Trainee: 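Provided herewith is a single structure, encoded as structure tokens, for subsequent inquiry.
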Amino acid sequence: MFGITDFWIYIVFILCIASALLCVVYGIVNWNKGNNDEQELKKDEEWENAEQKIEESV
Amino acid sequence: MTIQIIVIVVYLAIVGYLGYLGYKNTKNSSDYLVGGRKIHPMVMALSYGATFISTSAIVGFGGVAAQFGMSLLWLTFLNIFLGIFIAFVFFGKRTRRMGHNMNAHTFSEFIGKRYKSKFIQKFSALIIFLFMPLYTAAVMIGASRFIEAQLNINYSVALFAFSIIIAIYVFFGGLKGVMYSDAFQGTIMFVGMLILLISVYSGLGGVTAAHEKLAALFANPVVTKEMIMAPPGFMGWLNMPASGSITAWIVISSIVMGVGIGVLAQPQLVVRFMTVKSDRELNRAIPIGGLFILMMTGVAFIVGPLSNVYFFEKFGMTAMAYAKSLGSGSGAIIPAFLNNFMPEWFSTVFLVVIIAAGMSTISSQFHAIGTAVGRDLFFSKNKDEKQNMLLSRIGMLVAIIVTILLAYVLPTIWNDSIAISTGLFFGICAASFLPLYVGALYFKNISKKAAIWGMMSGFTSSMLWMMFVHGKESKVLMISNLIFGKATIAPAGTIIAFIDPIVISLTLSIIVTLVVGLISKHKYEKEHIEECFEGIGK
């Protein structure tokens, strides 16, 4: 099919497209999952403050 | 040429403006957090993708694909599956949470704090400082080769011009608020590659017709004669190389495995996970990331092989033969292809794509080098902030100079210098960092000793294999020649000299990490592990 005769080249074409689709499906299924809770937000903010300082010093 | 320069200047002005906008909007942290929630995951994904994929992948490996064929698509598969899916889902989320829990801001700091080891922090930073310029140089060579072909100027002049663009970008805003400009660059890359794919296939009469023409080309007597000079095992651009052959080892071990696996332990990509606001953003970035990589390396590795048909129809020789007739290697193929077979307006757009791809990758590489020096190698609480800042900047400056020098020298050493130096850095990273990075994220009981021994064995075996066995590097390094009087100590007539260092050194570092981990008794105190893993696996 598509002028490809080597089995492994054919398979890798499919795998490339399938893995990209896997990414799409995973993203859609988990679109709203993984929000931070209060405690995590606090840590994130502390980290962000430190990161800002480092960014300014580079 | 005037139009091309105007387009580049307009483009650079937009990137500069977006960089400034991003910086202005993220000035204080609470703004950043609030604003951060508004950052579209598409921006995150495109920015990650633009950092991930560089001129090295498009120009360098696209050219290698023109030489070795579509077997390189295995690298695309690994790039998507490992580089995006596994990296985001299984590495990214834990890295982000753990990095924030430990207040780590660089890759070296991350693994150093996790293992409570200053040695790991400093040694890994040293590896980044010493070897990342090789990869950065590869990206620079790719972009400069392209500018050279498009503007019809000397390579040295192209490299000089590109170095100036990079230096300005890095020092004025390139590092601050890069997300927006990276995303803009990512969008341009995406659209450019899409147009390229469609025009290359339609120019050959459709997908099936194009593949049939490529298959028929291999059977052409002129090509068959040309292939006598190629490494044994090449079976055509639409076929896998003969198993166990030299070509198979080059393609599978050096290109597919070396770069495909190495991406999981790339310091400049790992830190990107920590800048994401929540797991939700990572989830949402995955679809765009997957499609982006498919469109980048997938297209490059399809267009590369198909370019042979174009070159043969016009010049009566394959793409590689044409590049050699120019006195270059595979890195010259994609620029020459666009120059000869694509309309001028498209070459101009693509020129911007290439500059975009180079800038986004290089700026994050220099950033990684700068922080490695300032924060990991020489950081001291006793020094004031200004001294630490100065160290970062000196480190970065040294790295920039070394990179530019390497970009001048490497193409004179290796014909396919882009692919070799990229693979070299990815291989060193994988062998030195991957086992201890996975250990840090998933194994609470792994000891400091195991991490150090794993890293050291991976790094040392990588170096030794390059110096004495793997012909591509050992010939250039000359150390084997000095000591043993021959370029490689691998027995002649065997494939050993073609086995990439990653196969040996990653295997060794995994085994060493496991064995030392099992026999060493050291355990971290409960509080440390609890702090690191807080909020993980809930």
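Note that the coordinates shown come from a computational prediction; the quantities given were computed from them, not determined experimentally. Letters A, B, ... are given to chains in the order of the sequence lines, protein chains preceding strands, and every chain is numbered from 1.
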Trainee: Pick whichever of A:Val12, A:Val24, A:Asn30 has the most heavy-atom pairs under 4.5 Å with chain B.
Mentor: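 That would be A:Val12.
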
Trainee: Looking at every non-hydrogen atom in both residues, tell me the closest pair between A:Cys23 and B:Gly290 and how far apart they are.
Mentor: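 Smallest heavy-atom distance, with atoms named: SG-CA, 3.9 Å.
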
Trainee: Is the shortest side-chain heavy-atom distance between A:Leu22 and B:Phe81 below 4.5 Å?
Mentor: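 The answer is yes, as the side chains (C-beta and beyond) meet within the 4.5 Å cut-off.
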
Trainee: Side chain, backbone, both or neither: which part of A:Phe7 has an atom under 4.5 Å from a heavy atom of chain B?
Mentor: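 Neither part, no heavy atoms under 4.5 Å.
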
Trainee: Tell me, for B:Ala104 versus chain A, whether the close heavy atoms (under 4.5 Å) come from the side chain, the backbone, both or neither.
Mentor: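 Backbone of B:Ala104 only, per the 4.5 Å heavy-atom cut-off to chain A.
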
Trainee: Enter the distance from A:Ile17:CD1 to B:Thr76:OG1 here, rounded to the nearest 0.5 Å.
Mentor: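 One finds 11.0 Å between CD1 of A:Ile17 and OG1 of B:Thr76.
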
Trainee: Given a strict heavy-atom distance threshold of 4.5 Å, which part of B:Asn79 is in contact with chain A: side chain, backbone, both, or neither?
Mentor: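 Looking at B:Asn79, nothing touches chain A.
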
Trainee: Determine the interplanar angle of the B:Trp74 and A:Trp8 rings, folded into 0 to 90°, and report it as parallel if under 30°, tilted if 30 to 60°, perpendicular if over 60°.
Mentor: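 Plane angle between 30° and 60°, so tilted.
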
Trainee: Please report the interatomic distance CG(B:Leu82) to OG(A:Ser19), rounded to the nearest 0.5 Å.
Mentor: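 Nearest 0.5 Å value for the CG-OG distance: 9.5 Å.
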
Trainee: At a heavy-atom distance under 4.5 Å, which candidate from B:Leu294, B:Asp279, B:Asn103, B:Asn239 has the highest pair count against chain A?
Mentor: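 Answer, by heavy-atom pair count under 4.5 Å with chain A: B:Asn239.
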
Trainee: Report yes or no: do B:Arg284 and A:Asn32 form a side-chain donor-acceptor pair below 3.5 Å?
Mentor: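 The criterion, which ignores hydrogens and geometry beyond distance, is satisfied for A:Asn32 and B:Arg284.
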
Trainee: Where on B:Met102 is there a heavy atom nearer than 4.5 Å to chain A: the side chain, the backbone, both, or neither?
Mentor: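 Contact with chain A is absent: no heavy atom of B:Met102 under 4.5 Å.
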
Trainee: Please report the interatomic distance CD1(B:Ile286) to CH2(A:Trp31), rounded to the nearest 0.5 Å.
Mentor: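 The CD1 atom of B:Ile286 sits 10.5 Å away from the CH2 atom of A:Trp31.
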
Trainee: Taking all heavy atoms of A:Trp47 and all of B:His105, pick out the closest pair and write down the distance.
Mentor: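 Smallest interatomic distance, heavy atoms only, reads O-CE1, 3.1 Å.
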
Trainee: Between NE2 of B:His211 and CD1 of A:Ile9, what distance do you get to the nearest 0.5 Å?
Mentor: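 Output value for this atom pair is 10.0 Å.
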
Trainee: Which answer fits B:Lys93, side chain, backbone, both or neither, if we ask what part of it has an atom under 4.5 Å from a heavy atom of chain A?
Mentor: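 When you check distances to chain A, only side chain atoms of B:Lys93 fall under 4.5 Å.
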
Trainee: Quick check: closest heavy atoms across B:Leu73 and A:Phe13, and the distance to 0.1 Å?
Mentor: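 Closest heavy-atom pair between B:Leu73 and A:Phe13: CD1-CE1, 3.5 Å.
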
Trainee: Could you report the tightest heavy-atom contact between A:Ile4 and B:Leu238, atom names first, then the distance?
Mentor: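 Shortest heavy-atom separation between A:Ile4 and B:Leu238 comes out as CG1-CD2, 4.1 Å.
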
Trainee: What pair of heavy atoms forms the shortest contact from A:Ala20 to B:Leu291, and how long is it?
Mentor: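 Taking every non-hydrogen atom into account, CB-CD2, 4.3 Å.
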
Trainee: Is it the backbone or the side chain of B:Ile302 that comes under 4.5 Å from a heavy atom of chain A, or both, or neither?
Mentor: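 For B:Ile302, side-chain heavy atoms alone lie under 4.5 Å from chain A.
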
Trainee: Kindly give the heavy-atom pair with the smallest separation between A:Gly27 and B:Pro287, and that separation in Å.
Mentor: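 In terms of heavy atoms, the two residues are closest at CA-CG, 3.5 Å.
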
Trainee: Between B:Asn283 and A:Tyr26, is any pair of side-chain heavy atoms under 4.5 Å apart?
Mentor: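 Yes - at least one pair of side-chain heavy atoms lies under 4.5 Å apart.
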
